[in-house]
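For reference, the structure discussed in these notes is given below.
Note that ligands are numbered from 1 as they come in the structure, with each ligand's atoms numbered from 1 the same way.
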Amino acid sequence: MKCALITGGSRGIGRAVCIKMAELGYHVLINYKGNEAAAQETLEAVKNAGSTGELLQFNVGEAEEVKQVLGTWIESHKDDQIEVLVNNAGIREDGLMFMMSEGQWNNVLNISLNGFYHVTKQVLSSMLMKRYGRIINMVSLSGIKGLAGQTNYSAAKAGVIGATKALAQEIAKRGVTVNAVAPGFIKTDMTAELNEKELAAQVPMNRFGTAEEVAEAVAFFASKGAGYITGEVLSINGGLYT
Ligand code: NAP
């Protein structure tokens, strides 16, 4: 079985990526943290797209949990290969730096940056052994440009961009590519409480993007045809550049 693992696959961008991977014929491993009902909806959508899938519940920021759930899955599926890993799980806990608690700092860094480490570490050896793999990291315009009120989030995403570029060079010879996708404002639960009208006015395309538009870019990096592209960061932001 050829599998695609999407962290944070239960909702938003992650769900759209799961559906896209299903359309490409992958067995989809849908990771989520706690919202099982939403994860089940994603699984239904994967099946409706003509493929198969399963749920894998773990907190990407908890090393032991990742080892336990994902490590065990890999151990017990020796004939199945995770060809595509999309490190998509992420949160934001915005606040001005002078008021930012250690908790706000650590939570955001832990899920995006440590989450990337914990999950990628589990999946990497088999990709290297098979000499094929596609790793796609969900970063953000905030990690490229920096955004006031998001020092924690910008740091986390910039960290993942650095890791993307370093790992890409480290494993390029083994046929495993590592790229990142950097969305601007995308309409999901994460942006639900933002003032869409006001913010969309700053975007040259005058609107928020959709999760499906982000999934298209992920699918490109995941394709065999993108085999000579690695260490790249692709912006999807309606023209809202730095
Ligand atoms: P979302 O709608 O809030 O969904 C977040 C997803 O991540 C959910 O599936 C959630 O699972 C999962 N998740 C959260 N913490 C987790 C953890 N510790 N372990 C495992 N899964 C976890 O977010 P989104 O807007 O789709 O964002 C997806 C990614 O795109 C994030 O990395 C985000 O930073 C990035 N991004 C988003 C935007 C945007 O405008 N939306 C812009 C730039 C970058 P549960 O359902 O179980 O809670």
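Of the possible polar contacts, none joining the Ser112 side chain to the Ala156 backbone as a donor-acceptor pair under 3.5 Å is found. Between the side chain of Asn237 and the main chain of Pro183, no donor-acceptor pair closer than 3.5 Å is present. The backbone N or O of Met1 lies less than 3.5 Å from a partner atom in the side chain of Asp80, making a donor-acceptor pair.
Of all the atoms in ligand 1, the ones that sit under 4.0 Å from a non-hydrogen atom of Asn31 are 20 (C), 21 (N). Of all atoms in ligand 1, listed by their number and element, those nearer than 4.0 Å to a heavy atom of Gly90 are 31 (C), 32 (O). For ligand 1, the atoms sitting less than 4.0 Å from at least one non-hydrogen atom of Asn35 are 45 (P), 46 (O), 47 (O), numbered in the order shown with element in parentheses. Interface atoms of ligand 1 facing Ile111, defined by a heavy-atom separation under 4.0 Å, are 18 (N). Within the listing of ligand 1, atoms 2 (O), 26 (O) sit less than 4.0 angstrom from a heavy atom of Gly12. Residue contact check: Asp189 has heavy atoms under 4.0 Å from atoms 2 (O) of ligand 1. The contact set between ligand 1 and Asn59, taken as ligand atoms under 4.0 Å from a residue heavy atom, comprises 17 (C), 18 (N), 19 (N). Applying the 4.0 Å criterion to heavy atoms of Phe185 picks out, from ligand 1, the atoms 40 (O).
Salt-bridge annotation for Arg207 and Glu213: present, with a side-chain N of the basic residue lying under 4.0 Å from a carboxylate O of the acidic one. Taking 4.0 Å as the cut-off between side-chain N and carboxylate O, Arg92 and Glu193 count as a salt-bridged pair.
Considering only non-hydrogen protein atoms, atom 9 (O) of ligand 1 sits nearest to Ser10 OG, 2.6 Å. The protein heavy-atom contact nearest to atom 28 (C) of ligand 1 is Asn88 OD1, 3.2 Å. Scanning all protein heavy atoms for the shortest distance to atom 24 (P) of ligand 1 gives Thr188 OG1, 3.6 Å. Ranking protein heavy atoms by distance to atom 30 (O) of ligand 1, first place goes to Met138 CG, 3.2 Å. Of the protein's non-hydrogen atoms, Gly184 O, 4.0 Å is the one closest to atom 38 (C) of ligand 1. Among all non-hydrogen protein atoms, the one lying nearest atom 14 (C) of ligand 1 is Ile91 CG2, 3.9 Å. Of the protein's non-hydrogen atoms, the one nearest atom 19 (N) of ligand 1 is Val60 N, 3.0 Å. Here the protein heavy atom with the shortest distance to atom 10 (C) of ligand 1 is Arg11 NH2, 3.7 Å.
Within 6.0 Å of CD on Glu23 lie more than 12 heavy atoms contributed by other residues, nucleotides or ligands. Shown here is Tyr132, whose OH atom has more than 12 heavy atoms of other residues, nucleotides or ligands within 6.0 Å.
There is a side-chain donor-acceptor pair under 3.5 Å between Asn110 and Asn114. Gln150 and Asp94 form a side-chain donor-acceptor contact under 3.5 Å, judged by distance and modelled atom types alone. Side-chain contact annotation: Ser10 with Thr42, donor-acceptor N/O pair under 3.5 Å absent. Using modelled atom types, one finds no donor on one side chain facing an acceptor on the other under 3.5 Å when comparing Thr164 with Asn179. Between the side chains of Asn107 and Glu93, at least one donor-acceptor pair of N or O atoms lies under 3.5 Å.
Some N or O of Ile13 is nearer than 3.5 Å to an N or O of ligand 1, by distance alone. Polar contact with ligand 1: present for Gly8 (N/O pair, distance under 3.5 Å). For Thr191, no nitrogen or oxygen atom sits less than 3.5 Å from a nitrogen or oxygen atom of ligand 1, counting backbone and side chain alike. Remark: ligand 1 and Gly34 share an N or O pair separated by less than 3.5 Å (distance only, no angle test). At a 3.5 angstrom cut-off on N or O pairs, Ser140 does not count as close to ligand 1. Remark: ligand 1 and Pro183 share no N or O pair separated by less than 3.5 Å (distance only, no angle test).
Checking Lys2, Glu83, Glu54 one by one against His27, the side chain to side chain donor-acceptor pair (under 3.5 Å) holds for a single residue, Glu54.
Contacts with ligand 1 closer than 4.0 Å are made by no heavy atom of Val214, backbone or side chain. Of the heavy atoms in Ala89, both backbone and side-chain atoms come closer than 4.0 Å to ligand 1.
Scanning both residues, Gln202 and Leu240, for their nearest heavy atoms gives O-CD1, 3.2 Å. In plain terms, the two heavy atoms of Ala222 and Tyr26 that are nearest each other are O-OH, 4.4 Å.
Contact between Lys157 and ligand 1 is present, with at least one heavy atom of the residue lying under 4.0 Å from the ligand. Judged by the shortest distance from any of its heavy atoms, Ala39 lies outside the 4.0 Å radius around the atoms of ligand 1. Assignment of Tyr153 to the shell around ligand 1 is supported, since a heavy atom sits closer than 4.0 Å.
Of the candidates Val139, Asn137, Ile186, the one placing a heavy atom closest to atom 44 (C) of ligand 1 is Val139.
Between atom CD1 of residue Ile30 and atom CG of residue Leu55 there is a gap of 5.5 Å, rounded to the nearest 0.5 Å.
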